[in-house]
Amino acid sequence: MEKRELLYEGKAKKVYATGDPELLIVQYKDDATAFNGKKKGSIAGKGIINNRMSNRLMEKLEQTGIPTHYVRELSERETLVKKVRIVPLEVIVRNVSAGSFAKRYGVEEGIVFSAPTIEFSYKNDALDDPLICLPHIYALGLATREEMETIKEYAYGVNRFLKDFWASCGVTLVDFKLEFGRLPEGSIILADEISPDTSRLWDTATGEKLDKDRFRRDLGGVEEAYAEIMSRLEAADRG
Ligand code: ADP
Ligand code: MG
């Protein structure tokens with residue numbers, strides 16, 4: 001599939017048109033940002049790991065019946081995906097308190113919830129991606145009630161699958177962010193990426209963070225953590 005014009009350059013990926021109007025190529029970069037772009041840096045090899053990890057996880061999710069944009073891995077950093085109209089929401093599922101949840105409610109990190117939670121933020125960099133409730137999603141016309149029911153069902157389905165998968169790797173899935181989009185005929189599918197940039201993954205035995213919090217919080221060993229989490233996934237895949 002040939003790569004045509006650059007349509008969008010985001011914080012972590014570049015998005016290119018292809019010869020097929022229904023397909024795009026995403027190219028993963030090593031650029032890392034945090035706090036809505038206020039902190040900038042680079043994580044060597046991150047793009048290669050995130051591309052591969054997101055593709056392996058989306059293949060597994062497809063097998064569980066969750067539709068995704070994944071079509072085919074083209075190279076170390078490039079993947080062919082179905083073009084969608086992105087629903088401008090970050091869909092966040094949490095199993096354990098951390099990050100903005102802990103800060104917002106003044107609680108420590110590491111509280112294991114009795115059931116997973118879901119929340120939405122409005123994907124809008126100028127507004128710093130504010131938290132948004134369902135009535136406001138409907139008021140702004142960002143998605144319909146039916147679409148939000150589908151999004152919730154898929155998001156919890158992703159969580160059920162990923163929580164068990166990561167547990168089999170000795171990793172606790174603390175929380176993660178998803179993005180969904182609409183195919184031309186209107187159906188909702190999972191888009192964007194699932195990676196250590198968009199998930200919190202803690203070594204279950206030691207509590208060590210194996211995700212982008214190492215970069216956000218200047219904990220060091222960032223590249224090593226990305227390599228470690230990828231090797232856990234590949235070890236699980238080898239059985
Ligand atoms: P951002 O800085 O907005 O997070 P990224 O660097 O993650 O951007 O680049 C990916 C961009 O492409 C995001 O805006 C994301 O919403 C969008 N995107 C992801 N998957 C698809 C898809 N299948 N079709 C269209 N747009 C997509
Ligand atoms: Mg992004």
Side-chain angles (χ1 to χ4, degrees), residues 1 3-43 45-59 61-62 66-74 77-93 99-100 120-130 132 137 142-143 147 150-151 154-155 158 175-200 211-213 215-216 226:
M1 186 59 62
K3 202 151 109 184
R4 295 209 180 156
E5 73 273 19
L6 176 67
L7 297 176
Y8 178 75
E9 175 157 7
K11 297 184 288 289
K13 304 186 281 303
K14 291 181 183 179
V15 181
Y16 294 91
T18 68
D20 184 331
E22 299 195 342
L23 299 174
L24 297 173
I25 292 173
V26 294
Q27 181 180 320
Y28 286 75
K29 308 188 285 182
D30 286 349
D31 298 357
T33 63
F35 314 114
N36 250 314
K38 288 186 264 296
K39 179 183 173 102
K40 286 195 176 72
S42 166
I43 301 172
K46 170 173 84 79
I48 296 173
I49 288 174
N50 287 7
N51 183 44
R52 203 185 309 155
M53 182 176 297
S54 192
N55 293 343
R56 294 300 82 76
L57 295 176
M58 288 201 191
E59 283 168 353
L61 289 167
E62 287 276 355
I66 293 165
T68 79
H69 72 164
Y70 175 70
V71 177
R72 185 165 79 246
E73 195 164 292
L74 300 176
R77 290 180 184 270
E78 295 166 311
T79 295
L80 189 65
V81 301
K82 292 177 190 162
K83 179 179 186 167
V84 296
R85 284 171 293 127
I86 289 284
V87 176
L89 296 173
E90 299 203 331
V91 178
I92 299 149
V93 178
S100 63
F120 309 99
S121 45
Y122 178 29
K123 228 179 115 61
N124 183 318
D125 281 337
L127 299 176
D128 265 1
D129 297 341
I132 190 166
I137 291 172
L142 304 180
E147 285 174 332
T150 304
I151 286 172
Y154 289 165
V158 169
D175 57 38
F176 57 92
K177 180 271 291 181
L178 301 174
E179 291 181 29
F180 292 88
R182 302 175 185 96
L183 287 174
E185 65 2 85
S187 69
I188 293 280
I189 65 172
L190 179 62
D192 205 49
E193 66 177 279
I194 307 176
S195 72
D197 276 18
T198 62
S199 314
R200 285 195 173 87
D211 57 56
K212 202 169 89 175
D213 270 348
F215 167 80
R216 290 190 191 95
Y226 276 70

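Remember, it's 1-based here, ligands and their atoms both numbered in the order they're listed. Everything numeric in this text was worked out from a predicted model, so none of it was measured.
Side-chain contact check for T79 versus Y70: some heavy-atom pair is nearer than 4.5 Å.
The closest donor-acceptor contact from the side chain of D31 to the backbone of S42 lies at 3.5 Å or more, if one exists at all. Although no hydrogens or angles enter the test, the distance criterion places a donor-acceptor pair under 3.5 Å between the side chain of K212 and the main chain of T33. No donor-acceptor pair closer than 3.5 Å links the side chain of E90 to the backbone N or O of I92. Of the possible donor and acceptor atoms, none in the side chain of S121 sits under 3.5 Å from a partner among the backbone N and O of P130. A distance-only check finds a donor-acceptor pair linking the side chain of T18 to the backbone of L23 [under 3.5 Å]. Using a distance-only test at 3.5 Å, with no hydrogens or angles considered, a donor-acceptor pair links the side chain of E62 to the main chain of T68.
Taking distance alone, with nitrogen or oxygen atoms compared against 3.5 Å, A191 stays at or beyond that limit from ligand 1. Residue-to-ligand polar distances keep E193 apart from ligand 1: every N/O pair is separated by 3.5 Å or more. The shortest N or O to N or O distance between L24 and ligand 1 is not under 3.5 Å. In terms of polar-atom proximity, D125 is not counted as a contact of ligand 1, lacking any N or O under 3.5 Å from an N or O of the ligand.
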**Prompt:** Taking it one step at a time, do K11 and K40 satisfy side-chain contact (heavy atoms from CB on, under 4.5 Å)?
**Reply:** CA-CA 9 Å; K11 297 184 288 289; K40 286 195 176 72; over 6 Å; no
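Among protein heavy atoms, the minimum distance from atom 20 (N) of ligand 1 is reached at D192 N, 3.2 Å. The nearest protein atom to atom 8 (O) of ligand 1, hydrogens excluded, is given as G10 CA, 3.5 Å; this is a heavy-atom distance. Nearest protein heavy-atom contact of atom 22 (C) of ligand 1 is V84 CG2, 3.5 Å. Nearest protein heavy-atom contact of atom 7 (O) of ligand 1 is K13 NZ, 2.7 Å. The protein non-hydrogen atom at the shortest distance from atom 14 (O) of ligand 1 is Y8 CE2, 3.5 Å.
Atom CZ of R85 sits in a crowded spot, with more than 12 heavy atoms from other residues, nucleotides or ligands closer than 6.0 Å.
The atoms of ligand 1 that sit less than 4.0 Å from any heavy atom of E179 are 15 (C), 16 (O). Residue contact check: V81 has heavy atoms under 4.0 Å from atoms 23 (N) of ligand 1. Short contacts between ligand 1 and V15, defined as distances under 4.0 Å to a heavy atom of the residue, involve ligand atoms 12 (O).
Here CD1 of I25 is found 9.5 Å from OH of Y16. Values are rounded to the nearest 0.5 Å.
With a 4.0 Å heavy-atom cut-off, ligand 1 is reached by the side chain of I86 but not by its N, CA, C or O. Counting heavy atoms under 4.0 Å from ligand 1, residue K11 touches it through both backbone and side chain.
Residue contacts with ligand 1 include K123, since one of its heavy atoms falls under 4.0 Å from the ligand.
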